[in-house]
Amino acid sequence: MQLILSPAQLLGNLAAVNSNLLKKWSDLFQAYDIGESGTISCSDFVKLEIRNGLEQGDLKRIVRAYPSMLRGDPSSKGRMDFMQFCKTRLSSFDEASKGGLPSVQRLLDVAERDLASTMAERFRMGPHGAWEVRTKLKEVFHSWRSSTEVLTPWEWLAASKIVATECDASDAFLSEKWTGKAAFLMADANKDGVLQLEEFVSFSISVLQDVFGNRTQDALQVLRKVCLHQEQFRGFSVQVPLFLPHPPYHFQLPNSSRHSVDCAFYHAGDLSLPSSISQVADLFALLRLKLKLVGKSFSAFWKSEKPEASLELLSSDNCSQILRHLFDRMAKETEPTASGAAIYVKNVRAKPVHLRHVPHQELQVNSLPQAGMRWCLDWESHLVGSNGRLPSRLPINFTIGIGDMIVVQLPNEESGIACTVFMSEDTALSKPVLENVQVVKSKRGKKVVQMIAAEREARGAGEDLIKPPKEKKPAKSRPQSAVVRGRVSFDRRIVIVGQREGSGTFFVEMSWEHQEEVLSHIHHLPAVEASVGRLGPLRVIVEKASPKVPDLQKAKGSMWWTGTKWSPKPPKGKRPRSAK
């Protein structure tokens with residue numbers, strides 16, 4: 001016996017009429033709910049109705065798709081719940097039969113047909129719509145996490161290695177976009193530092209859809225390979241406090257930096273260090289995710305739990321030993337917190353992307369051309385400031401001629417400040433040359449001698465490469481010159497030559513971070529100011545002839561940038577021993 005009811009009767013007694021029909025409509029409702037939010041997006045409803053109509057050859061269903069959506073969402077919220085979905089289906093049957101409804105068995109058959117058709121259409125829509133992809137992503141999430149209900153930064157880094165292993169060369173783009181360091185920050189929608197299941201699935205779906213398009217089967221193949229790895233984290237984690245300096249902080253010289261200010265660093269949270277980590281690259285990747293420093297370079301200092309211990313600059317030379325000592329000690333403790341130990345992070349700066357490190361080029365003695373104009377920049381005036389003044393601004397997009405030289409005055413070697421040059425790959429500028437200048441004073445004036453590091457080492461082997469100028473023998477009471485005494489000091493300069501028309505970009509990075517370990521024996525804290533600074537980046541345009549600037553005729557081969565203009569005289573308070 002077949003029961004025929006009106007739409008109002010069936011809606012009022014839906015559960016009592018037939019439980020199988022209710023279950024089938026519930027399954028169909030979940031199939032329409034692509035986002036698995038518990039309600040159906042009206043746009044997804046219209047899209048699937050049209051696709052099902054095309055698949056079944058039902059043109060009336062295609063025409064009724066939009067009006068049915070309006071009836072199912074009378075409040076115009078853009079979504080419909082389960083009861084509204086049932087009402088929409090009953091109304092469509094009522095319109096088709098003109099006043100009556102088909103039997104319950106007919107409703108079950110139609111629901112079964114629509115369920116199969118909807119799942120097939122969702123698969124054709126790509127990873128965004130495929131139910132199989134969402135199910136497999138949930139398996140991937142649970143295989144990556146350890147004991148918690150979320151994915152931690154360290155578990156994400158471990159998962160990225162799995163994905164990189166399983167993705168071949170053609171899918172290398174997927175590995176970086178799906179499980180790269182920047183991807184973690186994009187997936188963390190609520191910015192709490194961990195990933196919930198909903199965040200992971202939503203982000204992964206968008207990446208897979210972007211990479212594979214409608215190739216659902218290819219996306220599933222990658223997910224199946226990733227699921228084969230069941231390498232979950234085993235061991236324990238240690239909580240280590242992180243400290244960052246209060247902004248703003250600027251570059252300062254070692255003898256002028258401050259260390260004893262307790263409030264200069266603030267607690268930026270605790271880092272969960274897994275006992276399986278051992279490499280400095282993994283530790284720095286974990287710090288980048290925790291502190292949201294993706295795309296940044298920085299310095300990290302380890303402070304031991306011993307009060308008398310000094311800071312250690314974390315590097316590939318000491319990181320493994322420090323972590324092994326920490327985990328061996330914490331394995332015997334009951335508390336997962338490393339009391340007394342801490343990590344100080346500072347010198348945060350942008351990581352060069354388009355500029356690469358270029359080593360200094362070595363030249364023979366006195367082989368550097370001297371014909372062109374020298375455009376000079378003093379590092380201290382533009383990076384630190386001199387005579388109580390603030391650092392002056394650097395020129396932007398300045399022009400030089402072919403054969404002209406950009407000269408960057410560097411700190412002397414006794415300061416212990418290391419200098420590195422980063423340049424673009426344009427050929428308009430030459431490779432940097434490290435020019436060491438020695439000035440020998442005498443009664444008659446000055447004599448400049450150029451030499452490079454190789455010649456200076458040769459002089460230590462017994463070769464007399466530097467000869468002081470001839471002068472009258474000094475009186476016995478008069479002290480001998482520095483050259484005679486063997487204490488020769490050198491001015492260091494980076495020289496870059498314009499060699500053809502075009503443009504190029506460079507910056508000079510200066511660092512004394514390696515000296516902070518020595519200073520920490522006294523202060524037990526890193527310096528408040530930055531120990532790494534950059535002069536630049538500077539964009540240089542090379543033309544055929546030198547630019548015509550004011551006071552060019554007064555210059556004796558050199559022009560200095562004062563912060564506002566080019567001048568034949570160096571910045572006030574700066575008197576280099578030689579301008580040439």
Side-chain angles (χ1 to χ4, degrees), residues 27-28 30-37 41 43-44 47-48 50-52 54-55 114-146 148-189 194-234 282 285 289 294:
D27 293 341
L28 185 59
Q30 294 178 17
Y32 271 73
D33 182 14
I34 296 178
E36 301 180 349
S37 62
S41 167
S43 60
D44 290 340
K47 187 186 303 181
L48 288 172
I50 293 175
R51 282 176 169 267
N52 285 331
L54 291 172
E55 177 69 17
D114 286 352
L115 179 61
S117 175
T118 300
M119 297 302 292
E121 289 301 324
R122 283 186 57 174
F123 192 87
R124 297 188 188 101
M125 291 169 63
H128 170 72
W131 173 84
E132 295 85 351
V133 172
R134 292 179 178 271
T135 303
K136 189 61 67 174
L137 281 173
K138 294 176 183 178
E139 294 181 22
V140 171
F141 178 84
H142 292 298
S143 68
W144 285 356
R145 68 181 182 86
S146 54
T148 61
E149 295 299 322
V150 296
L151 275 179
T152 63
W154 170 246
E155 291 167 345
W156 183 265
L157 291 175
S160 66
K161 297 180 181 179
I162 296 176
V163 175
T165 302
E166 293 301 329
C167 291
D168 52 22
S170 61
D171 295 330
F173 175 71
L174 170 64
S175 174
E176 180 62 26
K177 192 168 184 179
W178 184 23
T179 56
K181 300 179 184 65
F184 182 86
L185 300 181
M186 297 175 62
D188 186 14
V194 293
L195 293 187
Q196 283 79 21
L197 175 62
E198 295 77 11
E199 293 176 327
F200 173 76
V201 172
S202 176
F203 175 76
S204 301
I205 285 292
S206 63
V207 172
L208 294 175
Q209 184 70 36
D210 186 35
V211 173
F212 294 102
N214 293 334
R215 295 182 290 119
T216 307
Q217 192 61 45
D218 293 342
L220 278 174
Q221 184 177 358
V222 172
L223 294 178
R224 291 190 187 103
K225 290 193 296 184
V226 170
C227 274
L228 294 177
H229 288 267
Q230 299 294 329
E231 299 177 6
Q232 296 184 351
F233 168 65
R234 298 289 183 267
D282 294 335
L289 293 183
V294 175

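The ring-ring contact (aromatic ring centres under 6.0 Å, His included) test applied to Phe203 returns no partner, not counting sequence neighbours. Evaluation of the side chain to side chain donor-acceptor pair (under 3.5 Å) rule for Thr118 yields Asn52 as partners, not counting sequence neighbours. Residues that satisfy the ring-ring contact (aromatic ring centres under 6.0 Å, His included) test with Tyr32, not counting sequence neighbours, are Phe45, Phe85. The salt bridge (charged side-chain N to carboxylate O under 4.0 Å, His left out) check on Glu36 picks up Lys138, with sequence neighbours excluded. With sequence neighbours excluded, the residues that form a side chain to side chain donor-acceptor pair (under 3.5 Å) with Ser43 are Ser41. Take Thr179 and apply the side chain to side chain contact (heavy atoms under 4.5 Å, CB included) test, not counting sequence neighbours, and it matches Trp144, Trp156, Ser160, Val163, Ser175. Considering only residues two or more places apart in sequence or on other chains, Thr152 meets the side chain to side chain donor-acceptor pair (under 3.5 Å) condition with Glu155. For the salt bridge (charged side-chain N to carboxylate O under 4.0 Å, His left out) test, residues two or more places apart in sequence or in another chain that qualify with Glu121 are Arg51, Arg124. Listed by chain and residue number, nothing satisfies the salt bridge (charged side-chain N to carboxylate O under 4.0 Å, His left out) test with Lys181 (two or more places apart in sequence, or in another chain). Qualifying side chain to side chain contact (heavy atoms under 4.5 Å, CB included) partners for Gln30, counting only residues two or more places apart in sequence or in other chains: Ser26. Evaluation of the salt bridge (charged side-chain N to carboxylate O under 4.0 Å, His left out) rule for Asp282 yields Lys161 as partners, not counting sequence neighbours. Partners of Thr135 under the side chain to side chain contact (heavy atoms under 4.5 Å, CB included) rule, at least two apart in sequence or in another chain, are Trp131, Glu139.
Atom NE2 of His142 sits about 11.0 Å away from atom CG of Leu137, to the nearest 0.5 Å. Here CZ of Phe141 is found 10.0 Å from OG of Ser143. Values are rounded to the nearest 0.5 Å. Considering OG of Ser37 and CG of Asp44, their distance stands at 9.0 Å, rounded to 0.5 Å.
Between Gly213 and Pro127, the shortest heavy-atom contact is O-CD, 3.0 Å. Between Cys227 and Lys136, the closest heavy-atom pair is SG-CD, 3.7 Å. Of all heavy-atom pairs between Thr216 and Gly126, the closest is OG1-CA, 3.0 Å. Annotation for His128 and Ile205: closest pair CA-CG2, 3.6 Å, computed over non-hydrogen atoms.
Side-chain contact between Val222 and Phe212 is present, with heavy atoms from C-beta onward closer than 4.5 Å. Counting heavy atoms from C-beta outward, Leu197 and Leu151 have side chains that stay 4.5 Å or more apart. Within the 4.5 Å cutoff, no side-chain heavy atoms of Gln217 are placed close to those of Glu132. Val294 has its side chain out of reach of Phe184: every pair of non-hydrogen atoms, C-beta onward, lies at least 4.5 Å apart.
Looking only at distances, no side-chain donor or acceptor of Arg215 sits under 3.5 Å from a matching main-chain atom of Gln209. For Arg145 (side chain) and Val150 (main-chain N/O), no donor-acceptor pair under 3.5 Å exists by modelled atom type.
Residue Phe123 forms a side chain to side chain contact (heavy atoms under 4.5 Å, CB included) with just one option from Leu220, Val133, Asn214, and that option is Leu220.
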Practice problem: Determine, stepwise, if the pair Arg134 / Arg122 fulfils side-chain contact (heavy atoms from CB on, under 4.5 Å). | Solution: CA-CA 11 Å; Arg134 292 179 178 271; Arg122 283 186 57 174; 4.1 Å; yes
